[in-house]
Amino acid sequence: MDITHNKALFKTVFDSAFNGIAVLQIPNNEKGDIEDFTILLFNSYTLKWIGDVDYLGKRYSEVFPMVREAGILQKFIEVAKTGNTASFESYYTGEGLKHWFHFTAVKQDNVLVVTTHDITQQKQAEISLKNGLEDAEKQKRLYHSITNNTPDLVYVFDLDYRFTYANKALLTMWGKSAEDAIGRGLRENGYEEWHALMHEREIDEVVATKRSIRGTVSFPHAELGRRIYDYILVPVVNKAGEVEAVAGTTRDITEIKRSEDLLQQSHTRFRGMIDQTPAPTLILMGDNLVVEQINQSMLRMIGHTEEIIGMPFLTVMPELAGSYIWNEVLKVYNEGTPFDQQEVLVTHKRTGEMKDYYYNIAYRPLREEGKIIGMIQVAIDVTEQVQARKKIEESEARYRILSASLELQVAERTRELQRSNEDLQQFAHVASHDLKEPVRKIKTFTGRLQQRLEDKLDDESSRFIERINVATDRMFTMIDGVLSYSTTNAVNQKAELVNLNEVVNNIQVDLEIALQSKAGVIAHENLPTVEGAPVLLYQLFYNLVNNSLKFARPGIPPIINISSEIHGDGTVRILVADNGIGFDPHHASRIFETFTRLNPKDQFEGTGLGLSLCKKIIERHGGTIEATAILNQGAQFIINIPLQQSDGRM
């Protein structure tokens, strides 16, 4: 075929095409080897790619050098050898081109006709679509991972009240598979008529108003029995602004509601106790120290009525602003430090006139889940006693003859003061009883629950109930121990035999959650039995162990080793060592000082009182405590304490 004689005709046809067309001469080689092609003709569309280039008679790979590397030339050679038409796609970069092309190569006698179609936009669209589908699939997997691993119930309704989605938690509650539940309505999935009607009305309202609805409902769970749920329904709006579905989430709040009810009952009992106590008593709550509860004795003493309930105490008694006593009040709330003081001078208006009054006062922080939420104040008016004593002191030199009479007055006032202190002591007993009552009920209802479920409890549930019983028994013992210690003359308190192994075992139980959360371990064995105060010795080791857990290194499970060595002089040496963050050895002498902190508050919580209390407890038992450490490797506390107290008392 002599194409050169018909070049004008071919050019007219080729130049009208919307694809690139190349006519290539197949070389005549006796061996049959083909390495390249000679260019006979390019159409105008091809020339747009390569520009005004003198191509005639040149090799194809000279004009398009990258065809060899891209494998395109080899496919053309195979067509020339076999005569089989080739149609393929390839990405080509070179001569300023970065395109996807579709090539068609056809052999005609000794000529190869190559048609090239630019499919870059098509490929980019395909790639974008593929990436979009992959992203959508990834989002779908992420969505399913989140919804199916949350304990909350997640679901979607269509506008006919049918479920179009239900997560694993909801299907488990129903006891159904997705195939059995999806596409079915509320009643078909076990909802009672009232319940189904309620949600259908709510779905209609969400669709009509395009606003979410929140509510609380109680209904049975397949495994857990009747539960209380908090739910929210929200509209799913399409691009046209129309609601096309209603999505919902439901959370089990049964335990939260039970805790709230128990807390409310406890608060109610506590407030009733405040009203009945004869001592003037006041409860302040929140950062503004708002008056939440106040008895009549306190109202009469400060000259106000119950209208002050709900008001900040500083608004009620502005005279306290900036005073020494108010600074102590703030310290109780901010630091949790109890405050007691006798004969405090407070100048305020009781009857409309500013006067000086003297009070014996006691402030104690109120905590909820370890956080300070307010405080309780008890105050006894001792103005008359103080004024009487001062008058005696002022007139004693001049009126010695009246000393006998005055002494009788002082004695009477002292008896009144003693009665006031007895009132405070009575309050302590009442508070102790109030603390025991919730614990007693926990133990009682746990026992009833164990009896009711006796044949249904598995081993793990039985262990849980047993641990509740152990914890309540320990709470009773601790309340009695603390009350006994606080009401007994410290000088005459009798020492008891205390098994330190049992003390550490109890601490392991009490700190079980903290130990589990950090994968912590307390290692101890063969600790001795010593004479001392059980409550104080428990507090000593509790503070040390808790200190080690608090200052554990991030990411490293804390290991706390407690060992002992009995000496021939009747003392025992106890080592409490950990692998925590330690401290600079230069600070070893400071850590037992009151309110001393070696680490910033924003990283480690605490008041700085724990180790100073440990030192006081050890000194009370006639012993010593010191500390050593290596920074970022751990700390060690060395305790030396007598096995027996000298006279059996502390």
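Because the structure is predicted, anything quoted here is derived from the model rather than measured. Just so you know, these numbers use all the heavy atoms, side chains as well, and skip hydrogens, waters and symmetry mates.
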Taking atom types as modelled, is there a side-chain donor on [X] or [Y] under 3.5 Å from an acceptor on the other?
| X | Y | answer |
| --- | --- | --- |
| Ser297 | Asn295 | no |
| Asn506 | Glu502 | no |
| Tyr324 | Gln341 | yes |

Evaluate the side-chain proximity of [Y] to [X]: yes if any heavy-atom separation is below 4.5 Å, no if none is.
| X | Y | value |
| --- | --- | --- |
| Leu366 | Glu368 | no |
| Lys616 | Arg620 | no |
| Met298 | Thr281 | no |
| Leu511 | Ile522 | no |
| Val332 | Thr337 | no |
| Phe339 | Ile361 | yes |
| Glu343 | Val382 | yes |
| Ile618 | Phe592 | no |

**Message:** Using the rule side-chain contact (heavy atoms from CB on, under 4.5 Å), only one of Leu549, Asn579, Val521, Val504 pairs with Ile560; which is it?
**Reply:** Leu549
Ignoring hydrogens and geometry, is there a side-chain-to-backbone donor-acceptor pair from [X] to [Y] under 3.5 Å?
| X | Y | result |
| --- | --- | --- |
| Asn547 | Asn543 | no |
| Asp584 | His586 | yes |
| Asp230 | Arg251 | no |
| Glu496 | Pro534 | no |
| Asn334 | Leu330 | yes |
| Asn167 | Val154 | yes |
| Thr383 | Tyr358 | yes |
| Asp578 | Ala635 | yes |
| Tyr333 | Asp287 | yes |

**Request:** Test side-chain contact (heavy atoms from CB on, under 4.5 Å) on Ile617 and Leu613 and set out the steps.
**Result:** CA-CA 6 Å; Ile617 292 172; Leu613 179 60; 4.0 Å; yes
Rounded to the nearest 0.5 Å, what separation is found between the [atom1] atom of [X] and the [atom2] atom of [Y]?
| X | Y | atom1 | atom2 | answer |
| --- | --- | --- | --- | --- |
| Arg389 | Glu384 | CZ | CD | 13.5 Å |
| Ile574 | Leu544 | CD1 | CG | 10.0 Å |
| Ile309 | Gln293 | CD1 | CD | 6.0 Å |
| Ile308 | Met317 | CD1 | CE | 9.5 Å |
| Gln636 | Ile638 | CD | CD1 | 4.5 Å |

**Request:** Start with the C-alpha distance between Ile465 and Leu453, add both sets of side-chain angles, then the distance that settles side-chain contact (heavy atoms from CB on, under 4.5 Å), and finish with yes or no.
**Result:** CA-CA 11 Å; Ile465 291 179; Leu453 302 177; over 6 Å; no
**Prompt:** Does Asp458 pair with Arg463 as a salt bridge, N-O distance under 4.0 Å?
**Reply:** no
Measure across [X] and [Y] and return the closest heavy-atom pair with its distance rounded to 0.1 Å.
| X | Y | answer |
| --- | --- | --- |
| Gln633 | Arg553 | O-NH2, 4.2 Å |
| Glu292 | Met285 | OE1-CG, 3.3 Å |
| Ile380 | Ala279 | CD1-CB, 4.1 Å |

**Asked** Who pairs with Phe313 by ring-ring contact (aromatic ring centres under 6.0 Å, His included), at least two apart in sequence or on another chain?
**Response** none
